[in-house]
Each structure stands twice: as structure tokens, then as C-alpha cells.
Amino acid sequence: MGDCELKLSEADVEEEWRNAFHSDPSGKEKYYINVAYPYPSGAMHVGHGRTYIVPDVIARFWRMRGRQVLYPMAFHVTGSPVIGISQRIARGDAKTLSLYRDLYKVPQDVIERFSDPLAIVDHFSNEYERVMRRLGLSIDWRRRFTTILPQYSKFIEWQYHHLNSQGRVVRGEHPVKYCPQCDNPVGDHDLLEGDKAEVVKFIFVHFESDGFLIPCATLRPETIYGVTNLWINPDVRYVKADVDGTVWLLSQEAADKLALQKHQVSIVGEVDGADLIGKAVSHPLCGSVRILPAGFVDPDMGSGIVMSVPAHAPFDYIALVDLQKKGEYTDIAPVPLIQVDGYGEIPAKEAVIRHNIVDQHDPKMDEVTQEVYSAEFSRGKLLARCGDHEGKPVRVAREDVGAIMEAEYGSIWFYDFDQQPVVCRCGSRAFVRILDDQWFLTYSDPEWKQQVHDQIEKISLVPPEVRAEFDRTVDWLKDWACTRRVGLGTRVPWDPKWLFEPLSDSTLYMAYYTIAHRISEIPSDALTPEVFDYIFLGRGEPEGVDRAILDELRSEFLYWYPYNYRFSAKDLISNHLTFQLFHHRAIFPDELQPKGLVVFGMGLLDGAKMSSSKGNVFLLEDAAQEFGADTVRMFLVGSAEPWQDFDWRNELVSSVRKQIERLITYVQESKDATGTYDVDAWLSSRLQRRIQKMTEALELFQTRQALQEAFFGIESDLKWYRRRLPAGSSGGAVLRDVADTWIRLLAPIIPFTCESLWRENGHDGLVSYAEWPVPDENRINPEIELAEELIVRTVEDIESIMKILPVTAEKLTLLITPEWKNEIFRRVAAAEDRRSVTKELMKDESMRKRGKEAANAVPQVIKLIHSLPPTLVDQISTRAPDEHAVFSQAASFIEREFSVKVRILHAESSGHAKAGMALPFKPAIVIE
RNA sequence: GCGUGAGUAGCCAAGCCAGGUCAAAGGCGCUGGAUUUAGGGUCCAGUCCCGUAGGGGUUCGCAGGUUCGAAUCCUGCCUCACGCACCA
């Protein structure tokens, strides 16, 4: 519709806002919110859009309510993804190039610079800012920074200086994916194949034979009690190796892997697998068993030698059966050690039979193995032959037996991938390597955990249900490897070959925002830990920076901190959001701890998960281009509450656009409204309630609910208002007041439109800083609302009768309830036990006089009361409207609505057969 | 498998925590009507089934249970989402 053109385009408004949201400490009460900053390695899609728009709505709301609001933004460029991206682009990788060229629409000349990872983050940081401005985010852009800024690095150094001196950073060992060719750890994005592979921790069970050790890798150490034999591949050449001073027999592959896992390995000899068949080996927990041949044994898995538990491992069972079919080793029988519901004595055997497995090459073997494994792990209990472990659940026994083997029987841990192959992008195979000088944050520290638990109790969480998840996360956290060898970031000051990894350098930056715009002017060399101590902790006598400046920074920090709310998607609860609580607790005093967290749901696109790599994304800028920024905003905050998942569907979005157009048309039409009408007071009264409800909703971050009230609520009030006006009228001067209020209520959500309308309605300043509407108690009029409610309900009744009436109505008579039924209504409403009301009432002389008529009315009234909202029941019983007067006044309205002659009569004086149906708030209706 | 949360009419989504207000708000979609209506606007009505008087019947993942009464409380089951670690 072309007639709702706005004076100011979105671009005009964006320009007016360019510097409008710079925020400095003032005499006003502050409101500081922040969001998890983006990693700018690609373009923003609509899912990102909501993450930043919801806080913007909140920021705009509180700004209008007179708070000094700070909403800052920065960019997280720490880590290694962009390094991988830049290398893939340099290499001309088609998939990556297509993603950046076709999906993100990066110009060719810019892509060419992307072989430098910094060019990528620079480019997309600027893009983010541009698109965020396009969407109207009221951010103080002066405070923008990236996490590799020298000043920020100094800040991180300061943070870790404290954590380290508190003993919260410790050295330990950690398994990583590692490429021997590149001599470097590799991230998932650095892999050609196996990027989903996980590192699994096996235990080596050491069997002994002729003075050397035979290790068998297993995840199920408790099954040692059921070992009947070992498996070895007769076609593989094994090696004898000196491992940490003892001679082991294992595959060459396993020996190589061990060498990467902090073991001294040197090969001392070779043995054919075939030569080992039949040898006896022993372990103290299972005694002596023999080595048997099996073709399924892979030298690249574990040690290349497998311990066999035929009672519980289908592979072992079927391999044994295969041999026995040939008449060999018939003296070996499965030894059960686990009892599990749903299976008999030998679960592996049952499963194999149930699935009709013929031999060990059956493709169903993996599935069968998984089935038995799962059943035993979740429900299994150990049998008597397991000694002290009898009766223990499998998951407990597994831990216990593993620990005993490690402590008493020389077992070691062995790491390997859960799938093969894992290949580095250099083409070489990747392995698990143990880095023994890795730095850890001691999140496992029970005292620290307790402090965080205490903090979680005090913090405001939205929605409150996530509290349990935070607590669980704190309990579950172990020490966190907080450093990496490759990537962008800040070096560990005391061990500069390491960098702080991304989740560990982004836990305190909300504090950095408060001074970011000022500190960038100070040379980083001057930013010693003492300087930050002064700014953030208020102590010390730092040199090198003008004290007056430091005092200003200190006071700005104290003005804003602690932050009021931090926003983030729910997938960060289990790491980032909880980490930052740990760090705040460790560094800042009680009064500076985070006050609140808001957790978002996830975004879907046409019902499917949004994913850049799968191309299932809708870019935010494209959305703004196609629908307008306000439409995008209104859809994103209105289609679901922030913590719920939302689904972007283009056809739903276009209807939002029509809604905004209706608003514009309404406001523009209301400009000339004059005069007064009877219903004005009702509209005014309703408006006050809408203001109140929307305000409450936004205070609770319920953007959807807020929109329901402020948009659809007011719209539906207006529809009824217009319907109630005399024929030919388009409404009174009250509409101008409604328009002014409406614009302000919607300004946080659709600020571009509202900014323009506000201007058009003759206001000078920005609506972004206009005063938030406050409900005017004097204009709330319950009597009028109640009277109008009576009319609404009656009109609905008339409509539903008309609908099923075959004849055209000419006359309509409303029969008003007699006063004594009002008395019954009041008595029933007030009664504790509604079942005995009749008896009570009949004790009353005046009621008894009416006899059966009164007795019949009671159940009718009870039913009526049950069907009305309790607040309405209260109102009717405390101040029942003069129904005759209400309808007399509305008679011409009803006549017009239904094209009938209307009469209003008292039921008692009518004598009509339907007169008895008249009840309070429900007149009898006679249509003829 | 473990942890957390969720399953409501064609779709989205309120309500459930504090049982009767619930055939269940609101929006979208769809259907019909009105409109000097451009077949994409606006307004009105309908949208589980039945009904020539404002009513009745069957519903809120499935199966039970508690209660005078359950979408709302309890138990079991099924399904889905997020997380399960060194990664943004």
C-alpha cells in the first residue's frame, strides 16, 4: 500500500542514530547489558540477528524509562578457525571459496586478501557493525574492540596474573589431536578426514608371557573376570618393544602411538602373529589363558591384541564359535561375569542367536555389539566370580577395576580415536598426542565450585528453569585446558609458547567494555598489571599512566559494574556462561558479581537447523533488504519468547510487515481526529492497562508477550472502539493520544518506523529518548470497562443465536435480570462451599418467598460463575452495573449491528417465556 | 548412555509451578461476507464434531492413577531440542 509512506526512510533514521547511543556515566541510574560477542568469520544470519536484537529491545526500553543504558559490542577473534579458513582459501579450496563468494557475497578482490586470517576478521567485523547498524542496534560503538588488540591482551595478562597467583592455573597433561608431519596439534577444522573423531581413553590390561608383557586395550576393564583367551591376528607381524624399561609385545602401530603418549619406546624385535598362536599368557585377575587366532583383529586398533570375553562380547563369542566349528579349542567355554535383565546367562550368545548372525563377518555385528554393550552398561550388575565387585553396577565396577589395575597391576591409559582415519590437511595421518606442559584452569576445585554455586543462587536467571542446568554444569566441570599452541590470541605471559584459548580469554571482557574506549588511547606498554589493579580493584600506586586518567577509568568501571544482564544462547551454559561466573568470582569482590543472565533458544530456518556450512541460512542483511529492518526485528522478538526456539519462515515474516503498515496507516489517519464520544473513556482506560501489561512484560524480557499487548492488544481495542462509534464517525481526539502512546510503546521493537512517526506527529527529539508511557490511574475506569464487557458478551450471544436462527430477525428484546438474582450471584460468589449455597439462601425470608423460582436460579448462577473469569465475578458482585442503563445507552449500537429494533425490558415486567433465563451479566435475549 | 528442558487444535504459541476461569488467549494460514474492493489492502464472521435460541459431545504426546472435578498434580512409556569439554 503506497499511502503509508514514512517521512524518514530507515537509512535516514540510521543516520540520525549514528552517534546517538554513546553512553557515559551520568546522574541517572545505569542499566548495563551485554551479549556474547561474535566470532567474525562469516556473515550474520537471522539467527544471529535475534541474539543482538532482543538485547537491543531491552536496551531501548530501559533507555526510555530514563536509565543510563550501556549496550556495547566487540569481536572475538581469538582461536584458530580463521587460520584454517585462510589456508583453505589460499589453497583454492572450492567449497570454502564458494561459501565466501556465493553465500556471504564477499567481493573477489576482498576474498583475495583472505589468505591473511586477519583480513577475514577485519572484513567481517566491519560487516557486523554495518549490518548491526542497519538493524538499528543501539550500541555504543566507541567501545568496540577485538580480542587481539594489544591493550586487551594486557588485560588478559592481568587477569591470568591473578588467577595464576591464586593457584588456579596449573600445569598438567592433556591428549590432543596431533599431526607428526606438521609437528603441531590440529583442530577439527584442520582435518581433511575424521573431524568428528573423538579421543577415547582406553586402559591397557597387561597379560604376561615368557617375561614380556602383552597389553590389551579395552574400555571394559571389569570384563577381565570373564577373559577366556586372547585374540591375535596370525597375518600381522608384531613387534617386541622396550616401553619405559619393560619389554612389550604389540603391533607396530600401537608402539608408534605409545611413543606419542609420553612413553619411551624402542623396538627390540619382531614376531609373526602366527607364531604366537596357542601360547599361554596370564593375568592375576583371570589366570592363565591361551592366545587364539582371529582375522578381525586390527593392528591399528588398540595394541593389536585383544582380550576375549565371549560371554559378553558378541565378536569374541562368534569368533570362538567359528573356531570350535572347525573342531578347535572346544574346551573353552564363555565365562559370564555380568547379570543383566532381559538376557540369560550369556548375553553375547543370545544376541548373536537372536540376530541370526552366521559368522564374524556379518555386517550386523557392530549393531549387536552396541546392543549388548548398552544393556550391560545401563542395567548390568557384576556376578559373584568378580570377588569384591559382586553386585556393583557395571558403570561403577568399570571405574573401580580400572583404578585397581592402574594401581596394582601396572596398567596404563592409552588414547586413540573412536573412528579412523583421521587425516591432517597436509595429508598425513593424525594421532593422539599427550602434551604434558598444558595449562589448566582448576574448575574442579571444590571450593571455587561452591563459591560459584552460591553466586548462582543470587543471580537473576531468565528463564528461571536454567538454574538447574547451571548448577549441574558447575558440578560436572573438570579442569579446563586453557591454552593452545596455535591460533590468534594472547600469549601466556610466563610461558609464551602457549596462547590462551578462546573460551578462556573471554570471561571478563564485560568489565573491559566499561573502559574500552578510553584505554585504547593508552599505549599498551604502559598497561601493567598494577594499572589494571588500580582500575578494577582500586588498589596500588601504579606508575606510567596519568593518575587522573586512571581515576576516571576507575570511576567509569564502578559506575557500570556489575553488569545487569548478559545475554547468550543456551548452548553456552555448559561452558562460557558458567566460566565467566568462575572468573568473576575469582577476580572481583562480592558487589561486582554478575546480576543476571538471559539465555536464548536456538534458531531454525523453515523448520531446519540453521547452519552456514550446510548453506541453510538466511543472511540478516538480505532479510533487512527484503522486508525492512523493523519487520525483521518485530518478527524475531515477537514470534517466540527469547528463550524459546524460533523458526524463520518468509511467509510469516511478510504478514508482520502488513501489521506494521496497519500501524502506520492508523497513526497517520488519527492525526486529524477531533471531538469526543462516549466510548473514549473506555478506550483510554484500556490503553492504561495495555501500557501496564507491556511494561511488566518487558521488565521480564517477555518480548513476545509485550508485543501481544502493545500491538495486537491495542489494535483489537481500537477495532472495538471504532465499531462502537456512531455511524459516520472515525473517532475522537483520544485517538491522537493513543497514537502518541502507541508509537512510544512500540519504539523499542520497531524503532525506525516509530522514529519517523514520532517526528511526523510533531515531536522534536528522538523517540529513542522519549519518555516511556506511564499508566494514568485516573483514566482507569473499571465501571466503564465492566459495562463494555457486558455489551461485548451480550453481542457475542446475540451473534451466536442469530447464526443458528433460520429466519431473519426483526425485533430484539433484552430482558434484564431482576435484582434478587444479583443478590444470589453475590451470595454464591462469596460462598465457601457452593454446594450448600442453596440451603443457606433458602433460610432467607425474601428468597423463600420466591420458592421454586429462586431455588432454580441458584444452579444457573453457579454455572454462570464457573464460566466467568474470577476477576469479573468479583467486579460483578461488588459493583454490578446498572444493566438497564448500559443497554439503553448501547441500544442504537446494537440496532445498527444487527439491523433490528431493540427493546430493553426488566425481565420481571415482561412476562415473556424466556424472562426466567435472565441472569446477572447475561440478559435473556428474545429475537423475533 | 548421562544431564537439562519440551511435547497443546492446519501451523506458531499462551495456559500449566499456585487443579474448576479451558473447547482452551493471541498471531499466522484457510473459508465466507462487506467494502466506489486492482483477486496482495481494510473490516466483519467462521475455522474439532453435532445443534432451527446463547447449547451439547469428544480433545491438550501415549497409558494408567489421585480428585466431586485435570491441559494443569503423581507414575510409567514414547518423541524432540540443547549440552556432554578444550571448540566458536
Side-chain angles (χ1 to χ4, degrees), chain A residues 1-4 36 38-39 41 76 78-82 174-176 185 187-189 198-199 370 373-374 377-378 395 438 440-441 443 463-473 475-484 487 501-504 506 569-576 599 601-602 604 607 609 638-641 643-647 649 651-652 654-656 658-659 661-662 665 704-705 707-709 711-713 716 719 722-723 793-794 796-807 834-835 865-873 897 914 917 922-927:
Chain A
M1 44 190 291
D3 55 347
C4 66
Y39 184 78
S41 66
H76 194 203
T78 312
S80 48
V82 284
H174 184 66
V176 296
D188 287 344
H189 46 271
E198 285 180 40
V199 174
Q370 190 58 41
Y373 185 97
S374 297
F377 183 69
S378 52
R395 73 184 66 182
Q438 170 67 267
F440 287 85
L441 280 165
Y443 294 141
E465 298 87 69
V466 298
R467 178 162 269 112
E469 206 174 341
F470 274 100
D471 277 322
R472 291 294 311 178
T473 299
D475 289 337
W476 160 86
L477 274 174
K478 300 184 221 158
D479 288 350
W480 180 267
C482 61
T483 55
R484 291 223 52 178
E501 63 81 37
L503 283 171
S504 301
S506 54
K570 68 177 168 193
D571 52 349
L572 295 188
I573 293 176
S574 67
N575 49 51
H576 167 73
V599 175
M602 311 301 284
L604 301 176
K609 202 183 294 184
S639 67
E641 297 294 6
W643 44 90
Q644 296 171 323
D645 295 348
F646 77 96
D647 189 4
R649 293 197 139 98
E651 70 270 20
L652 297 184
S654 15
S655 69
V656 169
K658 285 184 222 157
Q659 288 155 359
E661 283 169 357
R662 286 208 298 275
T665 311
R704 177 192 163 83
Q705 179 62 29
L707 198 60
Q708 293 278 338
E709 288 297 334
F711 189 83
F712 300 107
S716 94
K719 281 181 186 172
R722 290 184 158 166
R723 202 170 157 187
R793 285 174 177 267
T794 305
E796 280 170 7
D797 277 355
I798 296 171
E799 276 167 351
S800 77
I801 296 171
M802 292 272 203
K803 202 176 58 187
I804 50 176
L805 213 58
V807 296
R834 281 168 190 165
R835 277 169 292 184
I865 284 178
H866 273 302
S867 75
L868 295 172
T871 50
L872 196 55
V873 172
E897 282 284 307
K914 289 216 171 284
M917 281 188 74
K922 201 170 177 66
I925 298 164
V926 182
I927 297 173

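Throughout, a chain's letter reflects where its sequence line sits, starting with A, and its residues are numbered from 1.
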Close N or O pairs between protein and nucleotides 20-22 of chain B (under 3.5 Å):
residue	atom	partner	partner atom	Å
B:rG20	O2'	A:His866	ND1	3.4

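- Atom OH in A:Tyr443 sits about 15 Å away from atom P in B:rC84, given to the nearest Å.
- Put simply, the side chain of A:Glu641 never gets that close to the backbone of A:Gln644: no donor and acceptor are under 3.5 Å apart.
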Pull out every protein N or O sitting under 3.5 Å from an N or O of nucleotides 25-28 of chain B, one pair per line with the distance.
residue	atom	partner	partner atom	Å
B:rG26	O2'	A:Gln708	OE1	2.6
B:rG26	N2	A:Arg704	NH2	2.7
B:rG27	O3'	A:Gln659	NE2	3.2
B:rC28	OP1	A:Gln659	NE2	3.2

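- Note on A:Ala924: a base of the nucleic acid sits closer than 4.0 angstrom, heavy atoms only.
- Residue contacts shown for A:Pro923 include a base, since a base heavy atom lies under 4.0 Å away.
- Looking at heavy-atom distances under 4.0 Å, A:Asp645 makes contact with sugar-phosphate atoms alone, never a base.
- When the C1' atom of B:rC2 is taken as reference, atom NZ of A:Lys478 falls 12 Å away, rounded to whole Å.
- Nearest nucleotide to the A:Ile927 side chain, out of B:rA14, B:rC44, B:rA53: B:rA53.
- B:rA53 atom C1' lies 11 Å from atom NZ of A:Lys922, rounded to whole Å.
- Candidate nucleotides B:rA88, B:rC44, B:rC82 were compared by shortest atom distance to the side chain of A:Arg723, and B:rC44 ranks first.
- Contact of the A:Lys719 side chain with the A:Arg723 side chain is not registered, since no non-hydrogen atoms from C-beta on lie closer than 4.5 Å.
- Note on A:Val656: nothing from the nucleic acid sits closer than 4.0 angstrom, heavy atoms only.
- The shortest distance between the side-chain N/O atoms of A:Arg484 and the OP1/OP2 oxygens of B:rC87 is below 4.0 Å.
- The partner of B:rA70 cannot be assigned: no Watson-Crick or G-U wobble pair with both contacts below 3.5 Å exists in any strand.
- Note: CD (A:Gln644) to P (B:rC80) measures 20 Å, nearest angstrom.
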